[in-house]
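Here is the structure we will look at.
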Amino acid sequence: MYDFLISLAESLVKHGFSISSAAAIIFLVLKQRKTKKRLKKYLPFLFQDDSEVKEYMLNQQVIMRNQEMILKEMGLEPCLAPTLEINSMESATNLNRFYSSFWETITSARDARKFTEWRNSKMDEIKVIIDPGHGGEDGGAGAGGKTEKDIVLSVSLKVQQKLKNHKHIKIQLTRTKDVFLELQERVNIAQKAKADAFVSIHANSAVNGSATGTETFYTRPNSLSLANIVHKHLIAATKLRDRGVKNGNFHVIRETTMPAILLEVGFISNSNDRAALFDPVFQDNVAERVAMGLCEYFKVPYKEEAAEEVKKKVTEFRVNLDNKKVEQGVLIDGRSYVPATMLSHHLGHRIFWDNQNKILDVYKEGEK
């Protein structure tokens, strides 16, 4: 810290005061224990643990240390304002410092703009955490020799596959195989990834074997919209009883900070639901609908409509009339094309092009 302060002081003495140097000082001051508690109340956003901001502030030192090099490379020399009277070398030096500081501010603003553009490009990438519930020694609900942990992992992997090459959405799973994770571990994965959404996938169970249907849970208000959209798609896939969107106090959707929902696809305790849950076609439909729901929520297309390239075999050929070459023709996918004007002229016909109706009339001389 002391080395940092000394180098910062040297830069200020050499290049004068600027916006970027002021920001560096503010950043250091705010980190001091004596003022942190007081200022945190009024400027909480300045205390966020953002490594990118720290890195950016450190980069400002480099800019300040290399002002002379920057000016030289840009072909710029410090100039004196004509409105100021230069009476001594000291005033000229001060003005030179002012100019360097002014140019530093411009270059820092330029770099800040590039930094912002970089962050915006990162923002284009939407991160979604898919959480297959249970796993390992925690099998979840079970019935008929089937366990919840298997169905939810299968569906989750399919969701990831559906969006594998998506231009905007990137899927990350909390687990990709049969392993046990604590609830807080799942939350930590989402928080560390700075995910934009969290979807935990489960299968329901009840003592009453006739209980059936699909339901979606959310905890915080910022998750309601995601819950409604994904649930709409989920119901379309399962075609089971719609048990609605409900508020629930589940750890993984309570402790995460991004929009988070928990899906109960169907009841493993119900024989009909269970048969559907372990049907690969059913799982594929559920995965696709979850993927579509995420795309709708983030307002991005599910699949990019790419124009299909029609590959045609094209062969050029010569057109002979009375054993003499008169024109060049082309053969496209087995169909020949020759210039109509040339052909009609040599056959003693005339042509008429109806541009409005897009019709080509070929007729014998005197017929029209």
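- Put simply, the side chain of Asp273 does not reach to within 4.5 Å of the side chain of Ile268, judged on heavy atoms.
- Ile151 places a side-chain heavy atom less than 4.5 Å from the side chain of Gln283.
- Two residues are said to be in side-chain contact when any heavy atoms from C-beta on lie closer than 4.5 Å; Val199 and Leu294 meet this criterion.
- Residues Leu183 and Leu263 are members of separate hydrophobic clusters, defined by side-chain heavy-atom contacts under 4.5 angstrom among Ile, Leu, Val, Met, Phe, Trp and Tyr.
- In this structure, CD1 in Ile261 is found 4.0 Å from CG in Leu226, a value given to the nearest 0.5 Å.
- Looking at Arg243, its side chain does come within 3.5 Å of a backbone N or O of Thr212 through a donor-acceptor pair.
- A 4.5 Å side-chain heavy-atom check between Val252 and Phe198 finds at least one atom pair inside the cut-off.
- Side-chain N or O atoms of Arg175 include one that pairs as donor or acceptor with a backbone N or O of Gly133 at under 3.5 Å.
- Taking 4.0 Å as the cut-off between side-chain N and carboxylate O, Lys162 and Asp284 count as a salt-bridged pair.
- Hydrophobic clustering (ILVMFWY, side-chain heavy atoms < 4.5 Å, transitive): Val128 and Ile229 are in one cluster.
- Side-chain N or O atoms of Ser269 include none that pairs as donor or acceptor with a backbone N or O of Ser205 at under 3.5 Å.
- At a threshold of 4.5 Å between non-hydrogen side-chain atoms, the residues Val230 and Tyr297 do not count as touching.
- Salt-bridge formation is detected for the pair Lys232/Glu296: a Lys NZ or Arg NE/NH1/NH2 atom is positioned less than 4.0 Å from an Asp or Glu carboxylate oxygen.
- Within the 4.5 Å cutoff, the side chain of His231 has heavy atoms near those of the Asp242 side chain.
- In this structure the side chain of Phe250 never reaches within 4.5 angstrom of the side chain of Glu255, judged on heavy atoms.
- Side-chain contact check for Val286 versus Thr238: some heavy-atom pair is nearer than 4.5 Å.
- Side-chain contact annotation: Asp150 with Thr147, donor-acceptor N/O pair under 3.5 Å present.
- A distance of 6.5 Å separates CG in Leu173 from CD1 in Ile130, rounded to the nearest 0.5 Å.
- The distance from the NZ atom of Lys127 to the CD1 atom of Ile169 is 14.0 Å, given to the nearest 0.5 Å.
- A donor-acceptor distance shorter than 3.5 angstrom exists from the side chain of Glu148 to the backbone of Ala141, with no hydrogens or angles considered.
- No donor-acceptor pair closer than 3.5 Å links the side chain of Thr214 to the backbone N or O of Leu240.
- Asn204 places no side-chain N or O within donor-acceptor distance of the main-chain N or O of Gly266, the cut-off being under 3.5 Å.
- Checking side-chain atoms of Ser156 against main-chain N and O of Val152 turns up a donor-acceptor pair under 3.5 Å.
- Taking CD1 of Ile126 as the reference point, atom CG of Asp196 lies at 6.5 Å (rounded to 0.5 Å).
- Counted by atom type alone, His202 and Glu264 present zero donor-acceptor pairs between their side chains at under 3.5 Å.
- Between Arg186 and Asp131 there is a salt bridge, since a side-chain N of the basic residue sits under 4.0 Å from a carboxylate O of the acidic one.
- Gln161 places no side-chain N or O within 3.5 Å of a backbone atom of Lys158 that could act as its donor or acceptor partner.
- Between the OG atom of Ser210 and the CZ atom of Phe267 there is a distance of 9.5 Å, given to the nearest 0.5 Å.
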Query raised in the report: Can Lys246 and Glu215 be said to form a side chain to side chain contact (heavy atoms under 4.5 Å, CB included), step by step?
Result: CA-CA 7 Å; Lys246 304 175 182 178; Glu215 55 192 351; 2.7 Å; yes

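- When atom types are taken as modelled, the side chain of Lys170 and the backbone of His166 share a donor-acceptor pair closer than 3.5 angstrom.
- The same ILVMFWY cluster, assembled from side-chain heavy atoms under 4.5 Å apart, contains both Leu157 and Leu234.
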**Report entry** Step-by-step side chain to side chain contact (heavy atoms under 4.5 Å, CB included) determination, Thr174 to Leu181
**Finding:** CA-CA 8 Å; Thr174 55; Leu181 290 174; 4.1 Å; yes

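- Of all heavy-atom pairs between Arg274 and Gly144, the closest is NE-CA, 4.0 Å.
- There is a path of hydrophobic side-chain contacts, each under 4.5 Å, that joins Ile201 to Val245.
- One hydrophobic cluster, built from ILVMFWY side chains closer than 4.5 Å, holds both Val265 and Ile171.
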Report task. Start with the C-alpha distance between Tyr218 and Asn247, add both sets of side-chain angles, then the distance that settles side chain to side chain contact (heavy atoms under 4.5 Å, CB included), and finish with yes or no. Result -> CA-CA 5 Å; Tyr218 75 99; Asn247 188 271; 3.6 Å; yes

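- Closest non-hydrogen pair, Met258 versus Ala195, comes out as CB-O, 3.3 Å.
- The closest side-chain donor-acceptor pair between Thr256 and Arg220 falls under 3.5 angstrom.
- There is a side-chain donor-acceptor pair under 3.5 Å between His251 and Gln184.
- Atom CD1 of Ile129 and atom NZ of Lys194 lie 13.5 Å apart (nearest 0.5 Å).
- Between Lys149 and Asp178 there is a salt bridge, since a side-chain N of the basic residue sits under 4.0 Å from a carboxylate O of the acidic one.
- Side-chain contact check for Thr257 and Gln191: at least one donor-acceptor pair (N or O, by modelled atom type) lies under 3.5 Å.
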